[in-house]
Number of protein chains: 2
Amino acid sequence: MGVGHSTVQALRRGELAQRVGCNLETIRYYEGIGLIPPPPRSEGRHRLYGGEHVRRLRFILRSRELGFSIEEIRALLTIEDGGGGCADVHALTSQHLELVRRKIADLRRLERTLSAAAAACARDASPECPIIETLSGPPRGKRRLPQ
Amino acid sequence: MGVGHSTVQALRRGELAQRVGCNLETIRYYEGIGLIPPPPRSEGRHRLYGGEHVRRLRFILRSRELGFSIEEIRALLTIEDGGGGCADVHALTSQHLELVRRKIADLRRLERTLSAAAAACARDASPECPIIETLSGPPRGKRRLPQ
DNA sequence: TCTTGATCCTGTAGTCACTACAGATTGTAG
DNA sequence: CTACAATCTGTAGTGACTACAGGATCAAGA
């Protein structure tokens, strides 16, 4: 079996972080907000993780990579935990896809505006700059994209 | 002259916010971080804005709409205030364009992955869901896009 | 002139998804 | 037994705002 699926019995926090490739503190953060169940502890209260924790954390990290918010991931995990159906997962995903597509459209509009302005700019010391003109222009009002 | 260029002598904060279409508190925030100079006040310490404030605030808001960060805008304003050249503005803009293009590429990759998974999903109650498979998959490691 | 209600003032806390730090405790290798 | 690494807890910081509390001021009507 591959490294990613090897049996693990008692990883500590740093080892888990290294194995899944996330920051040390992220794990404690996910536990704090209830995405990861509190793991068993050693006698001295050090957290001890097993294979199921590795699996769950990987799921969360990959979902974040794909742009799902923490609350969306919480919903996905709830469906999974409850043995919920594929249909619910599909609904959440297509909702998320819609958002991703809107973001792409926003960014493309933005890219067109900026590249047009940059192309019109003479790059010299003239006082009239088409980029400044563009930035001084009226707001388009479609201010989605909270970065 | 159009409404947007009419002469204004003493707008209060709420009026300025309404005129440029931003939140009331945003103006105070921009003053606090030094993007907008502190305006003159009335006897009772109420802020009084003029035409130059309108112009500057519009510049900031439009730049934000086009995805510039506060620090990038600060740089742009410094260039403008100092009568700096078009070349510097162009440099900042093309740097920003680069970022925008990377974001578009990231989102497109993400969109492809998600829509492929969603298309493969049967949307029934089966335990094996291709979306869940995708979300459980290995991280791709290209985790830009801090949202 | 007085009153009323809208607007404004200040400072602070909340948002999201982490990340970083301080100071104390525990685990482990030599 | 001693070092030193790793972990523990709680808290504060990030960016770009937004919202609120408790008080002061403004403008219009009576």
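Nothing here was measured: the structure is a model prediction, and the numbers come from that model. Residue numbering restarts at 1 for every chain, and letters A, B, ... go by the order of the sequence lines.
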Notebook entry, point to check: Between atom CG in B:L35 and atom C1' in D:dA16, what is the gap in whole Å?
Noted result: 11 Å

Check: Would you find more than 12 non-hydrogen atoms of other residues, nucleotides or ligands less than 6.0 Å from A:Q18 atom CD?
Finding: no

Check: Would you say the side chain of B:L76 lies within less than 4.5 Å of the side chain of A:I131, judging by non-hydrogen atoms?
Finding: no

Item checked: A:Y30 side-chain proximity, nearest of D:dA16, C:dC18, C:dC9 -> C:dC18

Note to self: Whether B:T26 contacts D:dT18 is assessed here as follows: a side-chain N or O lying under 4.0 Å from the phosphate OP1 or OP2. Is that the case?
What the structure shows: yes

Next item on the list: Indicate whether OP1 or OP2 belonging to D:dA16 is found under 4.0 Å from a side-chain N or O atom of B:R74.
Entry: no

Next item on the list: Calculate the interatomic distance between A:I36 atom CD1 and C:dA17 atom P; express it in whole Å.
Entry: 15 Å

Check: Partners of A:R12 by side-chain hydrogen bond (donor to acceptor under 3.5 Å, both in side chains), sequence neighbours excluded?
Finding: none

Notebook entry, point to check: Residues in salt bridge (Lys or Arg N to Asp or Glu O under 4.0 Å) with A:E111, at least two apart?
Noted result: B:R101

Check: When the distance from CD of A:E15 to C1' of D:dT7 is rounded to whole Å, what number comes out?
Finding: 11 Å

Check: According to the side chain to side chain donor-acceptor pair (under 3.5 Å) rule, which pairs have a member within residues 74-85 of chain A, sequence neighbours left out?
Finding: A:R56-A:D81, A:E71-A:R74

Next item on the list: Between D:dA16, D:dT7, C:dC9, spot the one nearest the side chain of A:L24, thanks.
Entry: D:dT7

Margin query: If I take atom CD in residue A:Q18 and atom P in nucleotide D:dA5, what distance separates them, rounded to the nearest angstrom?
Written below: 16 Å

Next item on the list: Please state how far atom CD1 in A:I27 lies from atom C1' in C:dA17, giving the value in whole angstrom units.
Entry: 15 Å

Next item on the list: Taking only the side-chain nitrogens and oxygens of A:R64, find out if one of them lies under 4.0 Å from OP1 or OP2 of C:dC16.
Entry: no

Next item on the list: Go through the structure and list residues passing side-chain contact (heavy atoms from CB on, under 4.5 Å) with B:S136, not counting sequence neighbours.
Entry: A:R55, A:F59, B:I132

Next item on the list: Only counting residues at least two apart or in another chain, list the ones meeting side-chain hydrogen bond (donor to acceptor under 3.5 Å, both in side chains) with B:E31.
Entry: B:R47

Notebook entry, point to check: Can you tell me if the side-chain N/O atoms of B:N23 get under 4.0 Å from OP1 or OP2 in D:dA16?
Noted result: no

Notebook entry, point to check: What pairs of residues pass the salt bridge (charged side-chain N to carboxylate O under 4.0 Å, His left out) test when at least one of them lies in residues 117-134 of chain A, not counting sequence neighbours?
Noted result: none

Checklist line | Atom-pair distance (CD1 on A:I70; C1' on C:dT15), nearest Å | finding: 14 Å

Margin query: Strictly below 4.0 Å: does B:R47 bring a side-chain N or O up to OP1 or OP2 of D:dT25?
Written below: no

Under 3.5 Å, N/O pairs linking protein and nucleotides 27-30 of chain C:
| from | atom 1 | to | atom 2 | distance (Å) |
| --- | --- | --- | --- | --- |
| C:dG27 | OP1 | A:S42 | OG | 3.2 |
| C:dG27 | OP1 | A:G44 | N | 2.6 |

Notebook entry, point to check: Considering the terminal five base pairs at each end of the helix from C:dT1-D:dA30 to C:dG30-D:dC1, what angle separates the two local helix axes, rounded to 10°?
Noted result: 20°

Next item on the list: Specify the separation, in whole Å, of atom CZ of B:R41 and atom C1' of D:dT25.
Entry: 13 Å

Next item on the list: Measure from OH on B:Y29 to C1' on D:dT14 and round the result to the nearest Å.
Entry: 11 Å

Next item on the list: Report yes or no: does A:H96 contribute a side-chain atom to a donor-acceptor pair with the main-chain N or O of A:L66 at less than 3.5 Å?
Entry: yes

Distance-only donor-acceptor hits, side chain of residues 22-30 of chain B, under 3.5 Å, sequence neighbours excluded:
| from | atom 1 | to | atom 2 | distance (Å) |
| --- | --- | --- | --- | --- |
| B:N23 | OD1 | B:E25 | N | 2.7 |
| B:E25 | OE1 | B:R28 | NH2 | 3.1 |

I'd like a table of atom pairs between the protein and nucleotides 11-13 of chain C - only N or O on both sides, under 3.5 Å - with the distance next to each one.
| from | atom 1 | to | atom 2 | distance (Å) |
| --- | --- | --- | --- | --- |
| C:dG11 | N7 | B:R28 | NH1 | 3.2 |
| C:dG11 | O6 | B:R28 | NH2 | 2.6 |

Margin query: Applying side-chain hydrogen bond (donor to acceptor under 3.5 Å, both in side chains), can you list everything that pairs with B:R62, at least two apart in sequence or on another chain?
Written below: B:E65

Notebook entry, point to check: Between D:dA6 and A:R13, is there an OP1 or OP2 to side-chain N/O distance shorter than 4.0 Å?
Noted result: no

Checklist line | Non-neighbouring partners of A:R108 that pass side-chain hydrogen bond (donor to acceptor under 3.5 Å, both in side chains), sequence neighbours left out | finding: none

